[in-house]
Amino acid sequence: MNKILLLTRADHEPKINYIYHWADEVIEFADDNNIAKKVFSGKDANRRNFEDFVLSMKPRLLILNGHGGETVVGGQNDAPILDMNNVHVLKGSIVYAVSCRCAKILGAEAVRDDTRSSFIGYSEKFRWVIDPAREATPLKDRCAEPFRQFSNTICISLLEGKSAKEACDKARQHGNKLIRNYGTTDTEDVNQAIRFLLFWDMELLTLHGNPDATFN
Amino acid sequence: MMVEEDLKKLILLRLESWPPNVKIALGSGEELSRDQLIEFVKQGGPLGEEIIAMQLRYMRSMKTGFPHE
């Protein structure tokens with residue numbers, strides 16, 4: 001495996017566009033720290049590009065942003081880029097999938113019989129609060145910001161060389177801090193929804209495989 | 001059974017305290033309103049039960065401390 005980050009992000013509908021823009025910080029962090037990377041955005045987030053790159057470059061870390069299901073992670077227009085038919089290409093990798101439910105079956109399969117791999121994802125639907133007035137500018141959506149921070153803590157921690165388990169633990173610790181912050185500044189009723197849904201996502205975060213796997 | 005009904009009422013009250021215009025995005029591309037969440041809890045079914053179970057865990061954590069602290 002090579003110390004390379006592969007990041008895919010779809011942008012074909014407003015909700016997935018949030019996650020697309022959340023990845024900006026991750027890409028910027030990789031650039032600032034001279035981490036070799038390949039990003040497939042929008043229509044380039046497709047199965048062919050994904051498989052070709054993984055098989056030829058063997059990236060150690062993959063961050064996949066797209067709609068998902070129990071046995072699939074999607075790319076642009078929800079076309080599968082990873083499913084039970086090509087999950088074997090992940091052998092030896094660390095994966096974080098910002099994708100609904102994929103940790104349930106696909107994540108477990110990704111690390112089966114492989115002591116080097118780890119797969120981080122969500123066992124049910126990943127949820128966040130949105131301000132409808134900010135839907136066109138996701139990074140300005142204050143309601144979505146704590147969810148962006150929670151998810152990106154995993155990405156940045158992995159890029160910093162923390163283990164898969166440490167990355168999950170750090171994200172949950174940051175999530176707890178955000179819940180407390182949004183509890184003490186309860187000037188808006190929406191904070192109650194933010195606290196609860198953040199807790200929900202933290203509970204659904206799932207790590208399969210080697211907890212000590214690192215990007216180093 | 002009475003306890004379960006009381007808990008359901010408590011959870012409904014908690015959800016009703018959210019702003020009516022709050023929107024919840026799902027990674028699947030869907031979105032839910034506060035009133036839809038309330039309706040799921042009232043009707044039962046998998047999502048309603050999931051919301052109740054998660055609210056109970058959340059309320060217990062508020063009392064005993066959140067995990068991973």
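Below, chain A is the first sequence line, B the second, and so on; all start at residue 1. It should be emphasised that the depicted structure is a prediction, and the values quoted were computed from it without experimental measurement.
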Trp200(A) side, atom CH2; Arg57(B) side, atom CZ - distance, nearest 0.5 Å: 10.5 Å

Full working for side chain to side chain contact (heavy atoms under 4.5 Å, CB included) between Glu50(B) and Glu124(A): CA-CA 10 Å; Glu50(B) 197 185 354; Glu124(A) 280 299 334; 3.8 Å; yes

Parallel, tilted or perpendicular: rings of Phe196(A) and Trp18(B) (30°, 60°): tilted

State plainly whether the residues Glu30(B) and Lys125(A) are in salt-bridge range, i.e. N to O under 4.0 Å. yes

Check Glu203(A) with Arg60(B), please: is the shortest side-chain N to carboxylate O separation under 4.0 Å? no

Against chain B, label Leu197(A) side chain, backbone, both or neither, depending on which of its atoms sit under 4.5 Å from a heavy atom there. side chain

Identify the two heavy atoms, one from [X] and one from [Y], that lie closest to each other, and give their separation to 0.1 Å.
{"X": "Arg195(A)", "Y": "Tyr58(B)", "result": "CB-OH, 3.1 Å"}
{"X": "Pro132(A)", "Y": "Asn21(B)", "result": "CG-O, 4.3 Å"}
{"X": "Trp128(A)", "Y": "Leu26(B)", "result": "CZ3-C, 4.1 Å"}

Part of Ile51(B) within contact of chain A (heavy atom distance under 4.5 Å): both

Test side chain to side chain contact (heavy atoms under 4.5 Å, CB included) on Glu31(B) and Ile130(A); report intermediate values, then the result. CA-CA 9 Å; Glu31(B) 72 177 36; Ile130(A) 58 170; 3.8 Å; yes

Pick whichever of Ala193(A), Cys100(A), Cys168(A), Gly74(A) has the most heavy-atom pairs under 4.5 Å with chain B. Ala193(A)

